[in-house]
Amino acid sequence: MEEAEAVRSNFIREIIDSDLEKGTYGDKVATRFPPEPNGYLHIGHAKSICLNFGIARDYSGTCNLRFDDTNPSKESIEYVEAIKKDVQWMGFSWGERQFFASDYFEQLYQYAIQLIKMGKAYVCSLGPDEIREYRGTLTEPGKESPFRNRSVEENLDLFTRMRAGEFPDGEHVLRAKIDMAAANVIMRDPTLYRIKHVAHHRTGDAWPIYPMYDFTHCLSDAIEEITHSLCTLEFENNRELYDWVLDTLGLSPRPYQYEFARLNLTYTVLSKRRLIQLVEEGLVNGWDDPRMPTLSGLRRRGYTPEAIRTFCDKIGIAKSDNMVDYAMLDFCLREDLNDRAPRVMGVVKPLKMVITNYPEGGEEEFEFPYHPEDEAMGSRKVPFSRELYIEQDDFREDPPRKYFRLSPGREVRLRYAYYVTCEDVIKDPATGEVIEVHCTYDPKTKGGWSEDGRKVKGTLHWVSAKHAVQAEVRLYDKLFTQENPMDVPEGQDFKDVINAESLEVVPGYVEPSLASVEPGYHCQFERLGYYCADPDSTPGKPVFNRITTLRDTWARKERSQQGKKA
RNA sequence: UGGGGGAUGGUCUAGGGGUAAGACGACGGGUUCUGGCCCCGUUAACCAAGGUUCGAAUCCUUGUCCCCCAGCCA
């Protein structure tokens, strides 16, 4: 089993190749994955993780895990732990290279003092609203703050006292002295430090002031001797400030920032704000709800790290806005699990079948391979008896054209077992619904094949009723009804296009071997799809999540036939 | 009406003066004890208009459309 094809190149790898050739950093390549611990990682982060750790792996470089924890009012240790778990699960390791921006608070503070001494930063005592007013607009230049020309001494005094906790929140900020008329609004004397009397999850009450992202990130990169700092497109405007801080401080050699397009996936939302809304408003069952695009949700659903990594390789890295088809992810999952997942029998929407000429009370066992194309995966015994469950979809009283499953008078194969012929149907007298099918079997077809060469077109999966294990089966579907959940009429939002049928819980029956599988167990229910045992499973009462169905050309054909009739 | 980016089949991504390539999807066929997998085939693209050139997706010019930026968020 090979791990995908060779990683395709992209503009970032070209830049690295060129730096290596020029010897910009010698032969060193150092990246970092810098999440803010204020939420759970999602598949968009996986793209960044694969990019950064993948580059480190391929260039024999390093990739640091760095928590960008400069805003204690939003961050917590809970998120730090969840993020570490998710990165590990993705299959990447940072070894000893785990850092926190908060590790650098003292150094950052010293750099700020250096800027003040250089006359490149000042304490501004304007309020938030005034700062906004003074900033100007996109088309008009800003005005200089009246505090812009405080002396170095006064700035030093004030900043030191900010640090000492002498002022309440909002009283002052430290700003870079750049250019209030800059075309790039970010360069109009950006805030470097704000006062926040909030305990930090790591530094506690040690700091009443906290550095801003733009000041922290570039310097953290420099401190860690990062060579290539990769982030998403919305930070392109911030690059000028990134460069300004490092160059003003005269740091060399220094990291450079490169931006790539973030991932968008059809039928999903990938912004922290919106994911939080789904969780907090109870529209899903938590961060790890199997419908969530969070890594914890995907993991619980049953998506494998291998599939997600392959997916990230396949979608590539570029700079144009994109909307990747969710089908691509499912393809990667099926590709992975097709090789590795044991084939087992599970009936999700049961219909009882009675084999009328099979001895009452009789039973026998068959030895089924776990994977017909991979003998090494072994086998297990599966019981057979007079009463079975088959899939409702596998019987039609009035079969459409080209339907070759069971219908009155029709002979089909019960997988690995016998040929059976439908002789009778039992209906609910009240509803007319078929509740039982009566069949006869041909004892000479034991094992599921016939010596006389007689062919049957349909093969059905089944579970012996008396031996069946009842399982809760959670059938998941897309969380939203439209490709782009953001594309809604005025006055509506993404929550108005949530798919009411994104979760259907059904009582199913599975073969006895599945009675006590471990949570996280992946398998293929033959002919149905890939399933994963949920942590809610208990011994004897498994819970299975449907990850995705098998490719179903019959369903598609039938759908298009109906479309033609309509 | 400021600045920063971006535009290649339905989708994602290559190609950076010389036959527009791959993957997903869709469609058709072969095979099959999973209507799965696998195999084969079909479909379908360079934002527009000018220009340079023997030759332009690529270089130049002018447009068009889309995204990002006015947090003491990241």
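Proteins come first, then strands; the chains are lettered A, B, ... in the order of their sequence lines, and each starts at number 1. Here the structure is a predicted model, which means the values were calculated and not measured. The figures here come from the full heavy-atom set of this structure, side chains too, leaving out hydrogens, waters and symmetry mates.
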Nearest-angstrom distance, [atom1] atom, [N] to [M]:
N	M	atom1	value
B:G25	B:G50	C1'	37 Å
B:C67	B:U58	C1'	24 Å
B:U52	B:G10	P	32 Å
B:G63	B:U1	P	12 Å
B:A56	B:G15	C1'	13 Å
B:A14	B:G22	P	16 Å
B:C46	B:U8	P	10 Å
B:G5	B:C40	C1'	43 Å

Within less than 4.0 Å of OP1 or OP2 of [N], is there a side-chain N or O belonging to [X]?
X	N	value
A:Ser9	B:A14	no
A:Arg334	B:G36	no
A:Arg135	B:C72	yes
A:Arg556	B:A26	yes
A:Ser320	B:U13	yes
A:Thr70	B:C73	no
A:Arg527	B:G35	yes
A:Arg239	B:G5	yes

With side-chain contact (heavy atoms from CB on, under 4.5 Å) as the test, would you mind laying out the steps for A:Arg175 and A:Leu192 before giving the verdict? CA-CA 5 Å; A:Arg175 292 229 252 167; A:Leu192 266 22; over 6 Å; no

Just checking, any donor-acceptor pair under 3.5 angstrom between side chains of [X] and [Y]?
X	Y	value
A:Asp221	A:Tyr256	no
A:Gln257	A:Ser229	no
A:Tyr40	A:Glu78	yes
A:Glu224	A:Tyr104	yes
A:Arg150	A:Ser125	yes

Dot-bracket pairing map - RNA chain B, Watson-Crick plus G-U, both contacts under 3.5 Å, | cross-strand: .((((((..((((....[..))))((((((.......))))))...(((((..]....))))))))))).....

Using O4'-C1'-N9-C4 for purines and O4'-C1'-N1-C2 for pyrimidines, with syn meaning within 90° of 0, is B:G71 syn or anti? syn

For B:G63, does the glycosidic angle fall within 90° of 0 (syn) or outside that (anti)?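 Here the answer is anti: the torsion falls beyond 90° from 0.
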
Residue [X], side-chain atoms from C-beta onward, closest of [options]:
X	options	answer
A:Asp325	B:A70, B:G10, B:G5	B:G10
A:Ile186	B:C24, B:C69, B:C72	B:C69
A:Phe331	B:C24, B:C12, B:G4	B:C24
A:Leu550	B:U34, B:C12, B:G25	B:U34
A:Arg132	B:A70, B:U34, B:A74	B:A70
A:Asn338	B:G36, B:C67, B:G35	B:G36
A:Arg194	B:A23, B:C72, B:G2	B:C72

Contact class for A:Glu140 vs. all strands (heavy atom < 4.0 Å): base, sugar-phosphate, or nothing?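 It contacts nothing in the nucleic acid.
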
At under 4.0 Å between heavy atoms, what does A:Met187 touch on the DNA or RNA strands: base, sugar-phosphate, or nothing?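 No contact.
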
Here's one to test your reading of the geometry: is the NZ or CZ of A:Arg405 within 45 degrees of the ring axis of A:Phe395 and under 6.0 Å from its centre? no

Are A:Arg163 and A:Trp207 in a cation-pi setup, meaning NZ or CZ lies under 6.0 angstrom from the ring centre and within 45 degrees of the ring axis?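 The answer is yes, since A:Arg163 meets both limits relative to A:Trp207.
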
side-chain contact (heavy atoms from CB on, under 4.5 Å), that's the test. Do A:Phe105 and A:Tyr210 meet it? Break it down for me. CA-CA 8 Å; A:Phe105 279 174; A:Tyr210 291 96; 3.8 Å; yes

For the base of B:G5, is there a side-chain donor-acceptor partner from A:Glu234 under 3.5 Å away?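 Answer is no: no donor-acceptor pair is held.
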
Ignoring hydrogens and angles, answer whether the base of B:C68 and the side-chain atoms of A:Asn237 contain a donor-acceptor pair closer than 3.5 Å. yes

For A:Tyr213 and B:A74, do the ring centres fall under 5.5 Å apart while the planes stay under 30° apart? no

